[in-house]
> 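Before I ask anything, here is the structure I am working with.
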Amino acid sequence: MKETFLRIEHFTSGLAMAGACAMLVVASVLGMFQIVTRFILEQPAEWSEILIRLSLIWMVFLGIPAAFRHGAMVSVDVLYRSVPPRARRALDWAVAIAALILIAVILWWGWDYAVRGKVQSMAGLESISMFWGYLALPVGAVFCIFGIIGNLLDPKREELETAQ
């Protein structure tokens with residue numbers, strides 16, 4: 001059961017990271033496009049700034065699950081180093097539960113914002129509903145749940161191992 005969940009988590013974390021990387025590419029390409037249209041062609045494309053902002057929001061919320069998976073999101077390194085080995089597992093559970101509560105709040109209110117945002121449009125790009133901007137919160141939260149539980153089942157502490 002644990003191995004099956006970890007395989008699913010590996011897939012979902014990879015999918016989220018691929019989405020985050022794609023959003024970084026989109027933001028970079030649109031940023032270059034914006035520079036060309038504004039400073040070379042002297043005809044700015046206002047819509048590109050809104051799409052850059054939207055892609056950066058999606059990039060962040062799709063990148064957070066990887067940080068959770070690698071144990072880099074909630075930093076309790078000093079406390080982790082100072083407690084005895086038996087207490088470390090309890091600390092792992094406490095951090096995971098606190099993170100899951102936070103993610104549950106983001107999931108709940110993010111979905112609420114997305115549903116309420118259906119009737120709003122983005123300033124400068126009126127053809128796109130704010131639903132798509134707010135949807136990054138619950139989608140990222142769902143991916144985070146897999147990352148948090150995956151880190152609880154198979155902890156990775158690369159930042160502790162490489163710390164000076």
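Sequential numbering from 1 along the given sequence is applied to the chain's residues. Values reported hereafter were calculated over all heavy atoms of this structure, with side chains retained and with hydrogens, waters and symmetry mates removed.
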> Can you find a pair of side-chain heavy atoms, one from Phe146 and one from Ile8, that are under 4.5 Å apart?
yes
> Hey, mind stepping through Ile149 and Phe5 against side-chain contact (heavy atoms from CB on, under 4.5 Å) and telling me if it holds?
CA-CA 9 Å; Ile149 296 171; Phe5 181 83; 3.4 Å; yes
> What is the distance from atom CD1 of Ile148 to atom CD1 of Ile97, rounded to the nearest 0.5 Å?
11.0 Å
> Under 3.5 Å, which donor-acceptor pairs link side chains of residues 105-115 to any protein atom two or more places apart or in another chain?
from	atom 1	to	atom 2	distance (Å)
Asp112	OD1	Arg116	NE	3.3
Asp112	OD2	Arg116	NE	3.1
Asp112	OD2	Arg116	NH2	3.4

> Is it true that Glu49 and Arg53 have a side-chain N and a carboxylate O under 4.0 angstrom from each other?
yes
> CG/Leu135 to OG/Ser129 distance, rounded to the nearest 0.5 angstrom?
10.0 Å
> Please name the pair of heavy atoms, one in Ala136 and one in Phe61, separated by the smallest distance, quoted to 0.1 Å.
O-CB, 3.4 Å
> As an exercise, state the distance from CD1 of Ile50 to OG of Ser55, rounded to the nearest 0.5 Å.
11.5 Å
> Of all heavy-atom pairs between Asp154 and Arg69, which one has the smallest distance, and what is that distance?
O-NH1, 2.8 Å
> I'd like to know if Leu15 and Val60 are part of one continuous hydrophobic network [Ile/Leu/Val/Met/Phe/Trp/Tyr, side-chain heavy atoms within less than 4.5 Å].
yes
> Might you work through the side-chain contact (heavy atoms from CB on, under 4.5 Å) test for Leu125 and Ile128, ending with a clear yes or no?
CA-CA 6 Å; Leu125 198 59; Ile128 297 181; 3.4 Å; yes
> Does Ser13 reach the main-chain N or O of Pro65 with its side chain, forming a donor-acceptor pair under 3.5 Å?
no
> Could you see if Met17 belongs to whatever hydrophobic cluster contains Ile64? Use Ile, Leu, Val, Met, Phe, Trp, Tyr and a side-chain cutoff under 4.5 Å.
no
> Could you give the distance from CZ (Arg88) to CZ (Arg81), rounded to the nearest 0.5 Å?
9.5 Å
> Could you see if Ile101 belongs to whatever hydrophobic cluster contains Trp93? Use Ile, Leu, Val, Met, Phe, Trp, Tyr and a side-chain cutoff under 4.5 Å.
yes
> Side-chain donor-acceptor pairs under 3.5 Å in residues 22-43, sequence neighbours left out?
from	atom 1	to	atom 2	distance (Å)
Ser28	OG	Leu24	O	2.9
Thr37	OG1	Phe33	O	3.1
Thr37	OG1	Gln34	O	3.1

> Begin with the C-alpha distance, continue with both residues' side-chain angles, and end with the deciding distance and a verdict on side-chain contact (heavy atoms from CB on, under 4.5 Å) for Asp92 and Tyr80.
CA-CA 9 Å; Asp92 286 340; Tyr80 194 81; 3.5 Å; yes
> With side-chain contact (heavy atoms from CB on, under 4.5 Å) as the test, would you mind laying out the steps for Met130 and Leu54 before giving the verdict?
CA-CA 10 Å; Met130 283 301 295; Leu54 185 64; over 6 Å; no
> Are the side chains of Leu152 and Arg89 in touch, meaning some heavy atoms are under 4.5 Å apart?
yes
> Rounded to the nearest 0.5 Å, how far apart are OH of Tyr134 and NZ of Lys118?
14.5 Å
> For the CZ atom of Phe143 and the CG atom of Leu62, what is their distance to the nearest 0.5 Å?
6.5 Å
> Between Phe131 and Leu56, is there a shared hydrophobic cluster once you connect ILVMFWY residues whose side-chain heavy atoms come closer than 4.5 Å?
yes
> In the single-linkage hydrophobic clustering (I, L, V, M, F, W, Y; side-chain heavy atoms under 4.5 Å), do Phe11 and Leu6 co-cluster?
yes
> Hey, does Val139 have a side-chain heavy atom less than 4.5 Å from the side chain of Trp58?
yes
